Amino acid sequence: MQQVICDTNVWYYLAKKQIDLSKLNNVQLIGTSVNILEISSTPNLINDLNLIIEVVKALEKYHFKIILSNPYEHIITIFNKGYLPNNKVEEKILNQFIQLMGVNPLAIKEVDYKNALTAINKIIEPQLKIVEYINNGLPIIRQNIKRLEGKDQHRKKDQTLLWKKLIIEFVAIYSKENCDKEYVIDIEDKRWDYLNFFIYTWEAYFKKLELDNRNFDKNDWQDLFNLVYVQEGYKYWTFEKKWNVIYDENPILLKYKFNYNGT
């Protein structure tokens, strides 16, 4: 059986019956903490609650398993054997999903929608700040590339070390605030190999941003961190064109891509 980590859009496609299930006979679909948090914070909770109920039902019906650890907790478990991740937030949301599947949308009061919108904005706000910071810095990076090395040389440069340093910083900050201690990852640790798909996608995607005059999208943060769950032997499934283009262009990434040939 092929185990496949799913982008959140896979559960939407399943909910809309846009996937030929006969092509998944030997496939085990795996949900993630990122899927759970994206579904629970989408504006569709207000704009199209019926759809979200169907998405939750699809997740419940078709998943083989769900990895509850958020991306930072999952990274810590890779480098620290015996670490027990804190999954309380995800477990709470899953319990709410179970309740949601039995809800008649017409019975939800207007005040509930307002409370949901407040919660959604609270989740989205930090992401928007990161997006703004990255997009403000991209013009400076592009100028330096043009002035110092040129696009071709920059495209060939190996920047995986840079991204490892950034992830080390993210994990240290997160763990200091949310864990029993601050966890600092050794940049020479051999277990970075478990995150090859994650790291090389960061590198390939940001080179496209830097060289093709694109902007960082607010959903990209979750999309990128959803990749921490894809280790050797797993495949990754997304319907989003920009990610599939990146995987098709890079032999290191292509071997992780799940190819679905449904109609």
Side-chain angles (χ1 to χ4, degrees), residues 1-44 48 50-71 74 90 93-94 97 101 193-209 212 214 216-263:
M1 297 288 282
Q2 177 64 66
Q3 293 194 325
V4 179
I5 305 294
C6 295
D7 189 356
T8 306
N9 57 37
V10 171
W11 308 113
Y12 278 83
Y13 272 68
L14 284 165
K16 295 176 182 178
K17 297 180 171 55
Q18 294 175 324
I19 290 175
D20 183 353
L21 296 175
S22 69
K23 297 183 180 294
L24 302 179
N25 287 334
N26 296 313
V27 174
Q28 295 174 331
L29 301 181
I30 300 175
T32 70
S33 166
V34 173
N35 297 161
I36 293 169
L37 294 176
E38 283 192 316
I39 294 170
S40 67
S41 63
T42 172
N44 281 324
D48 194 348
N50 280 308
L51 172 60
I52 298 307
I53 291 174
E54 292 305 312
V55 172
V56 170
K57 288 180 179 178
L59 175 64
E60 190 278 332
K61 183 176 181 179
Y62 296 112
H63 81 272
F64 168 69
K65 67 178 178 180
I66 297 176
I67 302 173
L68 288 179
S69 307
N70 73 47
H74 190 73
E90 289 78 11
I93 294 173
L94 280 181
F97 279 175
M101 285 190 288
D193 289 347
Y194 290 111
L195 294 171
N196 276 344
F197 185 63
F198 176 57
I199 295 294
Y200 280 98
T201 301
W202 274 81
E203 182 185 42
Y205 177 59
F206 271 88
K207 280 182 178 176
K208 281 192 174 293
L209 293 185
D212 298 345
R214 302 184 184 187
F216 190 76
D217 183 83
K218 63 183 178 65
N219 295 321
D220 293 346
W221 192 255
Q222 294 99 322
D223 288 347
L224 285 164
F225 270 98
N226 198 38
L227 308 183
V228 303
Y229 308 103
V230 186
Q231 270 84 64
E232 194 72 31
Y234 287 76
K235 298 288 187 180
Y236 188 67
W237 189 8
T238 180
F239 284 97
E240 193 159 349
K241 183 178 179 180
K242 69 181 175 185
W243 299 117
N244 283 320
V245 167
I246 287 174
Y247 304 148
D248 289 340
E249 292 175 345
N250 189 317
I252 294 175
L253 301 174
L254 184 59
K255 70 175 185 177
Y256 292 95
K257 177 186 173 185
F258 176 69
N259 291 306
Y260 166 75
N261 298 315
T263 57

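Model, not experiment: these values are computed from the prediction.
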Under 3.5 Å, is there a donor-acceptor pair between the side chain of N226 and the main chain of D223?
no
Are W243 and Y205 close enough that their ring centers fall under 6.0 Å?
yes
Whether the side chain of E249 engages the backbone of N244 through a donor-acceptor N/O pair (distance < 3.5 Å, no angle test) should be reported.
no
Is any side-chain heavy atom of Y200 less than 4.5 Å from a side-chain heavy atom of L227?
no
So, do E38 and V34 sit near enough that their side-chain heavy atoms are less than 4.5 Å apart?
yes
If you compare all heavy atoms of N25 against all heavy atoms of S22, which two are closest, and at what distance to 0.1 Å?
ND2-O, 3.0 Å
Hey, what do you get for CG (N259) to CG (L254), rounding to the nearest 0.5 Å?
7.0 Å
Rounded to the nearest 0.5 Å, what separation is found between the CG atom of L29 and the NZ atom of K61?
12.5 Å
Between F197 and Y247, does the ring centroid distance fall short of 6.0 Å?
yes
Shortest non-hydrogen pair, S33 vs S69, comes out as CB-O, 3.3 Å
Please examine the side chains of I66 and N35, heavy atoms only from C-beta on, and report whether any two atoms are closer than 4.5 Å.
no
What is the minimum heavy-atom distance between N9 and E240, and which atoms define it?
ND2-N, 3.6 Å
Heavy atoms of Y236 and V4 approach each other most closely as C-CG1, 4.4 Å
Between atom CD1 of I5 and atom CH2 of W237, what is the distance when rounded to the nearest 0.5 Å?
13.0 Å
Is a donor on one side and an acceptor on the other found under 3.5 Å between the side chain of Q231 and the backbone of Y194?
yes
Enter the distance from I39:CD1 to I53:CD1 here, rounded to the nearest 0.5 Å.
12.5 Å
Give, for atom CG of D220 and atom CH2 of W202, the distance between the pair rounded to the nearest 0.5 Å.
9.5 Å
So which heavy atom on T42 is nearest to which on I52, and how close?
CG2-CD1, 3.6 Å
I need the minimum non-hydrogen distance between K235 and K255, along with the two atoms involved.
NZ-O, 2.5 Å
Side-chain ion pair, K57 and E60, N-O less than 4.0 Å:
no
Out of curiosity, N196 CG to E232 CD, how far, rounded to the nearest 0.5 Å?
8.0 Å
Verdict with reasoning, F225 to T32, per side chain to side chain contact (heavy atoms under 4.5 Å, CB included)
CA-CA 10 Å; F225 270 98; T32 70; over 6 Å; no
Under a 3.5 Å distance rule, please check whether Y260 uses its side chain to pair with a backbone N or O of D20 as donor and acceptor.
yes
Look at the aromatic rings of Y229 and H74 and report parallel, tilted or perpendicular, splitting at 30° and 60°.
tilted
Checking T201 against N250 for the side chain to side chain contact (heavy atoms under 4.5 Å, CB included) test, could you report, in this order, the C-alpha distance in whole Å, the side-chain angles of both residues, the deciding distance, and whether it holds?
CA-CA 9 Å; T201 301; N250 189 317; over 6 Å; no
Treating D248 as the side-chain partner and V245 as the backbone partner, does any N or O pair qualify as donor plus acceptor under 3.5 Å?
no
Could you check, using the six-membered ring where one of them is a Trp, whether Y234 and F258 have ring centers closer than 6.0 angstrom?
no
